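These numbers come from the heavy atoms of this one structure, side chains and all, not from hydrogens, waters or symmetry mates. Remember, it's a predicted structure, so these values are computed and weren't measured experimentally.
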Amino acid sequence: MSDPAPTATARRTRRHDPHRRDRLIGAALQVIAQRGVAGTSHREIARAADVPLGSMTYHFASLDEILAEAFTRHADGIARVFDERLTAARTRDEAVEAIVTLVAGDLLSPGHDLVLTVELYVAAARNPRLKAVTQAWMQRSRDALERHFDPTTAREVDALIEGLTLHSALSTDPMTPAQIRHAIERYLR
């Protein structure tokens, strides 16, 4: 004889998934990298995280909220590397080398998803909540740079880093590490 069919009172056991929110944020970054912010939806994020669609509204009040969380995670990861490099630098010359390594190595490496950074920039231009993410990220970068430079110089070098990174990433003839070093040293003279 076969097992009896489940009754109406039978309940499915809930899947214990204490890291679901975290997975949703990671999935959001994956979807943004593949489809852009404009192609990111609750449905696409839930699909990428392999969770029911209802998990999105359970964990996040809006798509803006998960975008802010995802981009904050992305920015925090980059800011952490930035901070580690500049903390390790003991002299101004070492700080210059740390900046060169950040631009030519870390920020332009295949493992770094520049697409996410560009998506954040574009989305932040239209969304005040995401502009707050970029502002916090810029402040962290400047704080790290201020270990070696005055606040005005730190702000300007931060902008130079962004420009060098974008120009190198988007160019068919990117700058070499030596050219990046030259630009930074020339500015800091």
Between [X] and [Y], what is the shortest heavy-atom contact and its length?
X      : Y      : result
Ala33  : Val115 : O-CG1, 3.8 Å
Phe82  : Ser141 : CE2-O, 3.5 Å
Arg20  : Val51  : NE-CG1, 3.6 Å
Leu86  : Ala98  : CD2-CB, 4.2 Å
Ala154 : Glu146 : CB-CG, 3.6 Å
Ala46  : Leu24  : CA-CD2, 4.4 Å

**Report entry** Flag for Asp150-Thr153: side-chain donor and acceptor within less than 3.5 Å
**Finding:** yes

Query raised in the report: Can you find a side-chain donor-acceptor pair between Arg35 and Thr40 that sits under 3.5 Å?
Result: no

**Report entry** Step-by-step side chain to side chain contact (heavy atoms under 4.5 Å, CB included) determination, Arg181 to Glu97
**Finding:** CA-CA 7 Å; Arg181 179 179 297 101; Glu97 284 308 310; 2.7 Å; yes

Short question: side chain of [X], backbone of [Y] - any donor-acceptor pair under 3.5 Å?
X      : Y      : result
Arg90  : Thr87  : yes
Thr72  : Ala68  : yes
Gln179 : Thr176 : yes
Thr134 : Lys131 : yes

Taking the side chain as every heavy atom from C-beta outward, state whether [X] and [Y] have any pair of such atoms under 4.5 Å apart.
X      : Y      : value
Glu94  : His148 : no
Arg47  : Ser41  : no
Phe60  : His42  : no
Phe71  : Glu119 : yes
Thr165 : Leu114 : yes
Leu164 : Ile184 : yes
Leu188 : Phe149 : yes
Pro174 : Leu108 : no

Query raised in the report: If two hydrophobic side chains count as joined below 4.5 Å and joins carry through other members, does Met138 share a cluster with Val133?
Result: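 They do not share one cluster, since no chain of ILVMFWY contacts under 4.5 Å joins Met138 to Val133.
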
Query raised in the report: Is there a path of hydrophobic side-chain contacts, each under 4.5 Å between heavy atoms of I, L, V, M, F, W or Y residues, that connects Val103 with Val118?
Result: yes

Rounded to the nearest 0.5 Å, how far does [atom2] of [Y] lie from [atom1] of [X]?
X      : Y      : atom1 : atom2 : result
Glu44  : Gln30  : CD    : CD    : 10.5 Å
Asp106 : Arg85  : CG    : CZ    : 4.0 Å
Ile25  : Glu65  : CD1   : CD    : 8.5 Å
Gln135 : Leu130 : CD    : CG    : 13.5 Å
Leu145 : Ile99  : CG    : CD1   : 5.0 Å
Asp143 : Asp83  : CG    : CG    : 8.5 Å

Query raised in the report: Taking atom CZ of Arg147 as the centre, does the number of heavy atoms from other residues, nucleotides or ligands within less than 6.0 Å exceed 12?
Result: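 Atom CZ in Arg147 is packed in, count exceeds 12.
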
Query - Heavy atoms from other residues, nucleotides or ligands near CZ of Arg73 exceed 12 (cutoff 6.0 Å) - result: yes

Requested in this report: With sequence neighbours excluded, tell me which residues meet side chain to side chain donor-acceptor pair (under 3.5 Å) with Thr117.
Outcome: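 Once residues adjacent in sequence are excluded, the partners of Thr117 under the side chain to side chain donor-acceptor pair (under 3.5 Å) criterion are His74.
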
Requested in this report: Take Leu63 and Ile45 through the test side chain to side chain contact (heavy atoms under 4.5 Å, CB included) and record every step on the way to the result.
Outcome: CA-CA 10 Å; Leu63 190 58; Ile45 296 168; 4.0 Å; yes

Short N-O contact, [X] and [Y], less than 4.0 angstrom:
X      : Y      : value
Glu69  : Arg21  : yes
Asp158 : Arg142 : yes
Arg140 : Asp76  : yes

**Report entry** Chi angles and distances behind the side chain to side chain contact (heavy atoms under 4.5 Å, CB included) call for Leu67, Ile32
**Finding:** CA-CA 9 Å; Leu67 290 175; Ile32 294 164; 3.6 Å; yes

